Amino acid sequence: MFTFSAPAKLNLFLHVIGRREDGYHLLQTVFRFIDYSDQLSFRLRTDGIIKLHNPIAGVPEEKDLCVRAAILLKQATGTQQGVDIFLQKQIPMGGGLGGGSSDAATTLLALNYLWKVNLSKQHLLKLGLQLGADIPIFIFGENAFAEGIGEKLTSIKLPPAWYVVLVPPVQVSTAEIFASKDLTRNTIPIKIPPFSVWQGHNDLELPVCRSYSEVAQSLEWLKRQENTTITAMSGSGACVFAEFASEAAAQAVFEHIPDSMAGFMARGLDYHPMQQIVK
Ligand SMILES: C[C@](O)(CO)[C@H](O)COP(=O)(O)OP(=O)(O)OC[C@H]1O[C@@H](n2ccc(N)nc2=O)[C@H](O)[C@@H]1O
Ligand SMILES: Nc1ncnc2c1ncn2[C@@H]1O[C@H](COP(=O)(O)OP(=O)(O)OP(=O)(O)O)[C@@H](O)[C@H]1O
């Protein structure tokens, strides 16, 4: 059995700058990996069967993104091999932390290696994008400035940082938020370099906060805390986070989260833990 982790991401900012003809939105965002992860274990099979042994409640096995990723890789390479998958979820679902996307990317990276089918990183990036806009970043493997729908990636160096992430008790549908009439779709594009991750905002915050008061309240609470360098929602929510330049500053805020709110603390990573597994 081989075990790999699938880290969560934060969008340090997320600007919606337009819309493609197919309805997908054009973004500018900065992705940062954090040390808060799902775990995926793989046992190889020779009979070609792909089986997820512990499907998530409410997500049928064939709809799970790691199963879909395994099937896609099998089809793309024509391999006759199969795999048993065991998924240990930690990343909240519908949280804007890219959990399902990260599971799919880890599956693509792990099976590309374990099945010895050896597709290039470029090829895996394309396969990942077929499953979702958030998957390429996890294959790219470095914190990045992203454009397009998240597939045009430029690696970016970020300073050490710690995060307090609040997890409001709601799941937000990404499609629903991008379809909202309250969404601003014409933020002025920023140029790189230089730009500051601390001057951005998340255009999806307003429609999410209007529909989900729990998200608005969590964000308001974080904005009242001291020593934060960023406070924002990640992706399409529901999670919101505050960034700190020191672990002690994050810890001080984490210890005072009200009983009515739930959350966790995480450290910002420089690289995806599987970054070296593909060229
Ligand atoms: C909000 C982010 O998390 C930021 O990182 C991502 O853009 C969302 O990526 P994702 O969850 O992988 O989203 P997908 O599964 O590709 O898309 C779900 C739905 O969201 C809408 N969608 C998504 C991404 C995008 N750039 N524009 C969109 O309009 C589309 O209606 C799409 O059908
Ligand atoms: N392995 C998986 N883990 C989590 N969700 C999955 C998985 N496979 C499929 N899904 C489906 O994807 C939906 C979105 O889940 P996910 O946790 O990735 O949301 P998210 O963090 O908001 O995503 P993003 O930040 O990419 O928009 C879930 O509600 C679920 O129906």
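For ligands, and for the atoms within them, numbers begin at 1 and follow the listed sequence. These numbers were taken from a predicted model, which means no experiment stands behind them.
- Here the two rings, on F264 and Y36, have centers that are under 6.0 Å apart.
- The side chain of F178, and not its backbone, has at least one atom closer than 4.0 Å to an atom of ligand 1 (non-hydrogen atoms only; side chain from C-beta on).
- A donor-acceptor pair under 3.5 Å is absent between the side-chain atoms of N54 and the main chain of F86, judged by distance alone.
- When hydrogens are left out, the protein atom nearest atom 16 (O) of ligand 1 is A133 N, 2.9 Å; that is the closest non-hydrogen contact.
- Contact check for P7 versus S102: side-chain heavy atoms found under the 4.5 Å cut-off.
- The distance from ligand 1 to the heavy atoms of F31 drops below 4.0 Å at these ligand atoms: 5 (O).
- Each of the following atoms of ligand 1 lies closer than 4.0 Å to a heavy atom of A175: 19 (C), 20 (O).
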Open item on the list: Apply side chain to side chain donor-acceptor pair (under 3.5 Å) to residues H25 and R185 and explain how you reach the verdict.
Closed with: CA-CA 8 Å; H25 291 75; R185 299 181 169 84; 2.9 Å; yes
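- Numbered from 1 in the order shown, with element, the atoms of ligand 1 that lie under 4.0 Å from a heavy atom of N11 read 4 (C), 5 (O).
- Contacts of D182 classified as side chain to side chain donor-acceptor pair (under 3.5 Å), with partners at least two apart in sequence or in another chain: R210.
- Shown in contact with G23 at under 4.0 Å from a heavy atom are these atoms of ligand 1, numbered in order with element: 29 (O).
- Proximity to G132 (heavy-atom distance under 4.0 Å) selects the following atoms of ligand 1: 12 (O), 16 (O).
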TODO: Apply the test side chain to side chain donor-acceptor pair (under 3.5 Å) to residues T229 and E243: give CA-CA distance (whole Å), side-chain angles for both, the deciding distance (0.1 Å), then the verdict.
DONE: CA-CA 5 Å; T229 45; E243 184 190 78; 2.6 Å; yes
Could you list each N/O atom of ligand 2 together with any protein N/O atom closer than 3.5 Å, one pair per line with the distance?
{"residue": "ligand 2", "atom": "1 (N)", "partner": "D64", "partner atom": "OD1", "Å": "3.1"}
{"residue": "ligand 2", "atom": "1 (N)", "partner": "D64", "partner atom": "OD2", "Å": "3.3"}
{"residue": "ligand 2", "atom": "1 (N)", "partner": "D103", "partner atom": "OD2", "Å": "3.0"}
{"residue": "ligand 2", "atom": "3 (N)", "partner": "K89", "partner atom": "NZ", "Å": "2.9"}
{"residue": "ligand 2", "atom": "3 (N)", "partner": "D103", "partner atom": "OD2", "Å": "3.4"}
{"residue": "ligand 2", "atom": "8 (N)", "partner": "L65", "partner atom": "N", "Å": "2.8"}
{"residue": "ligand 2", "atom": "17 (O)", "partner": "G94", "partner atom": "N", "Å": "3.2"}
{"residue": "ligand 2", "atom": "18 (O)", "partner": "G100", "partner atom": "N", "Å": "2.8"}
{"residue": "ligand 2", "atom": "19 (O)", "partner": "G94", "partner atom": "N", "Å": "3.3"}
{"residue": "ligand 2", "atom": "21 (O)", "partner": "G96", "partner atom": "N", "Å": "3.1"}
{"residue": "ligand 2", "atom": "21 (O)", "partner": "L97", "partner atom": "N", "Å": "3.1"}
{"residue": "ligand 2", "atom": "21 (O)", "partner": "G98", "partner atom": "N", "Å": "2.9"}
{"residue": "ligand 2", "atom": "22 (O)", "partner": "G95", "partner atom": "N", "Å": "3.4"}
{"residue": "ligand 2", "atom": "22 (O)", "partner": "G96", "partner atom": "N", "Å": "2.9"}
{"residue": "ligand 2", "atom": "25 (O)", "partner": "K9", "partner atom": "NZ", "Å": "3.3"}
{"residue": "ligand 2", "atom": "25 (O)", "partner": "G98", "partner atom": "N", "Å": "3.1"}
{"residue": "ligand 2", "atom": "25 (O)", "partner": "D134", "partner atom": "OD2", "Å": "3.2"}
{"residue": "ligand 2", "atom": "26 (O)", "partner": "S101", "partner atom": "OG", "Å": "3.3"}
{"residue": "ligand 2", "atom": "26 (O)", "partner": "D134", "partner atom": "OD2", "Å": "2.6"}
{"residue": "ligand 2", "atom": "27 (O)", "partner": "T174", "partner atom": "OG1", "Å": "3.1"}

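- Checking D134, I149, L183 against atom 6 (C) of ligand 1, the nearest heavy atom belongs to D134.
- Listed by number with element, the atoms of ligand 1 under 4.0 angstrom from any heavy atom of H25 are 25 (C), 26 (N), 27 (N), 28 (C), 29 (O).
- Of the protein's heavy atoms, T174 OG1, 3.9 Å lies nearest to atom 11 (O) of ligand 1.
- Closest to atom 7 (O) of ligand 1 by heavy atom, among I137, L27, I135, is L27.
- Exactly one residue among V170, V240, L166, L219 makes a side-chain contact (heavy atoms from CB on, under 4.5 Å) with E214. That residue is V170.
- With hydrogens and angles ignored, the 3.5 Å screen pairs a side-chain donor or acceptor of Q81 with a backbone N or O of W115.
- The shortest side-chain heavy-atom distance between Q88 and L40 does not fall under the 4.5 Å cut-off.
- Y212 meets the ring-ring contact (aromatic ring centres under 6.0 Å, His included) test with no other residue; sequence neighbours excluded.
- In summary, of the residues considered (I137, D270, L269, N11), a side-chain contact (heavy atoms from CB on, under 4.5 Å) with R32 occurs for D270 alone.
- Proximity of a side-chain donor or acceptor of H15 to a complementary backbone N or O of H201 within less than 3.5 Å is detected.
- Polar contact with ligand 1: absent for L14 (N/O pair, distance under 3.5 Å).
- The protein non-hydrogen atom at the shortest distance from atom 33 (O) of ligand 1 is Y24 OH, 3.8 Å.
- Using 4.0 Å as the threshold, R19 has no heavy atom nearer than that to any atom of ligand 1.
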Name the atoms and distances for all side-chain donor-acceptor pairs under 3.5 Å in residues 125-133, with sequence neighbours left out.
none

